[in-house]
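Whatever order the structure lists them in is the order used to number ligands and atoms, beginning at 1.
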Amino acid sequence: MSLWARFKNTTLYKSIYRNEYPDTPRNQVLVILNSVVLHLHPVKVPRRAVRMSYTWGLGGLSLLMFLILTVTGVWLMFYYVPAVPDAYESMKLLETNVIFGPFARNLHRWAAHGMVIAVWLHMTRVFYTGSYKPPREFNWVIGVVLFLVTVLLSFTGYLLPWDQLAYWAIQVGSNMAKVSPVIGTYVQRALLGGFDIGPATLVRWYTLHVILLPLACIVLMAMHFWRIRKDGGISTPIPYDEDEDQDENPPPGGDEPNK
Ligand code: HEM
């Protein structure tokens with residue numbers, strides 16, 4: 001018996017992998033169902049729904065941008081000081097004294113632009129394919145909130161370098177909030193942490209940028225992906241053609257939509 005075959009018989013191996021090599025439809029299904037990561041995917045999707053020319057991979061691209069932002073964001077947090085006047089200095093030091101510092105910062109910034117663009121295009125795709133219609137209307141609403149959170153993440157990050165560009169952008173943004181009817185003044189005061197831009201504003205926006213908004217984004221994305229499953233998978237461009245997806249050996253569950 002080979003070493004590998006003997007290892008596969010050990011309790012250690014069996015405690016991690018519970019199924020055989022996925023070379024039969026049954027084992028392929030079991031691999032998906034028994035893996036914490038893979039089980040997030042449906043076992044079966046109509047071939048047409050995952051055609052690149054239908055989704056353009058834009059939802060996945062939005063997620064990828066978010067993951068890049070999380071990794072580079074944590075990287076930047078090792079060097080950034082969220083206080084006045086150290087914030088500006090810490091960004092300058094990152095640019096000049098930290099190995100790969102400018103790379104981390106630029107990657108974070110470009111991914112932020114990329115996420116806004118990808119989410120916007122994804123929303124446009126969903127609109128033009130009519131995928132917001134029942135039963136996906138609630139997922140559209142979750143999506144709208146996700147779009148709002150994405151824009152807010154971008155805007156709150158803009159203030160953090162505490163340079164002239166950031167300072168005046170916040171001046172403009174908070175003045176825009178101020179002119180909203182009835183609650184305008186309160187919203188502006190909440191955003192600034194006082195009557196004017198100052199140290200409290202920086203702490204407030206930093207907390208929003210690194211904790212509250214990313215957490216909201218993660219929770220909303222989990223709901224978004226779960227709803228895609230519950231709504232019967234990604235919408236199909238034309239009525240579902242069972243013959244096209246017929247396997248010679250259909251996995252257990254047959255042609256039931258993935259719920
Ligand atoms: C952080 C932002 C977002 C992420 C990571 C995300 C991710 C995804 C993914 C991976 C899919 C699968 C299909 C595809 O890739 O196109 C999807 C589908 C969908 N998304 Fe998003 N999405 C986001 C924002 C939005 C927004 C802003 C809207 C609309 C306002 C939206 C509405 C929908 C709907 C309705 C579906 C189902 C589409 C179908 O069945 O064809 N999503 N999303």
- Query: Counting only heavy atoms not in Arg109, do more than 12 fall under 6.0 Å of its CZ?
  - Reply: no

- Message: More than 12 heavy atoms of other residues, nucleotides or ligands under 6.0 Å from CG of Leu3: yes or no?
- Response: no

- Message: Is there a path of hydrophobic side-chain contacts, each under 4.5 Å between heavy atoms, that joins Val74 and Met91?
- Response: yes

- Item | Same apolar cluster: Leu107 and Tyr158, side chain cutoff 4.5 Å | no

Please state which protein non-hydrogen atom is closest to [atom] and give its distance, to 0.1 Å?
atom                    : answer
atom 37 (C) of ligand 1 : Arg136 CD, 4.0 Å
atom 13 (C) of ligand 1 : Ile234 CD1, 3.6 Å
atom 7 (C) of ligand 1  : Phe225 CE2, 3.4 Å
atom 40 (O) of ligand 1 : Ser235 N, 2.7 Å

- Parallel, tilted or perpendicular: which fits the ring planes of Phe127 and Tyr132, with parallel below 30° and perpendicular above 60°? parallel

- Query: Counting both backbone and side chain atoms, is some N or O of Arg125 under 3.5 Å from an N or O of ligand 1?
  - Reply: yes

- Query: Looking only at N/O atoms, are Thr150 and ligand 1 under 3.5 Å apart anywhere?
  - Reply: no

- Message: So Leu159 and Leu202, do their side chains get closer than 4.5 Å, heavy atoms only?
- Response: yes

- Query: Got Trp110 and Ile68 here, is their nearest side-chain heavy-atom distance under 4.5 Å?
  - Reply: no

- Are Arg105 and Phe100 in a cation-pi setup, meaning NZ or CZ lies under 6.0 angstrom from the ring centre and within 45 degrees of the ring axis? no

- Could you tell me if the ring centre of Trp205 sits under 6.0 Å from that of Phe155? yes

- Mind checking whether Trp140 has a heavy atom under 4.0 Å from ligand 1? yes

- Take every heavy atom of Phe127, measure it against each atom of ligand 1, and state whether any distance is under 4.0 Å. no

- Query: Rounded to the nearest 0.5 Å, what separation is found between the CD1 atom of Ile197 and the CG atom of Leu191?
  - Reply: 10.5 Å

Which atoms of ligand 1 sit under 4.0 Å from any heavy atom of [X]?
X      : result
Phe147 : 27 (C)
Val144 : 30 (C)
Met115 : 1 (C)
Gly60  : 10 (C), 15 (O)
Ser131 : 35 (C), 38 (C), 39 (C), 41 (O)

- Sum up the protein N, O or S atoms located under 2.8 Å from atom 21 (Fe) of ligand 1. 2

- Query: With sequence neighbours excluded, what pairs up with Tyr13 under the ring-ring contact (aromatic ring centres under 6.0 Å, His included) test?
  - Reply: Trp4, Phe7, Tyr17

- Mark yes or no for whether His209, through its side chain, and Gly157, through its backbone, hold a donor-acceptor pair below 3.5 Å. yes

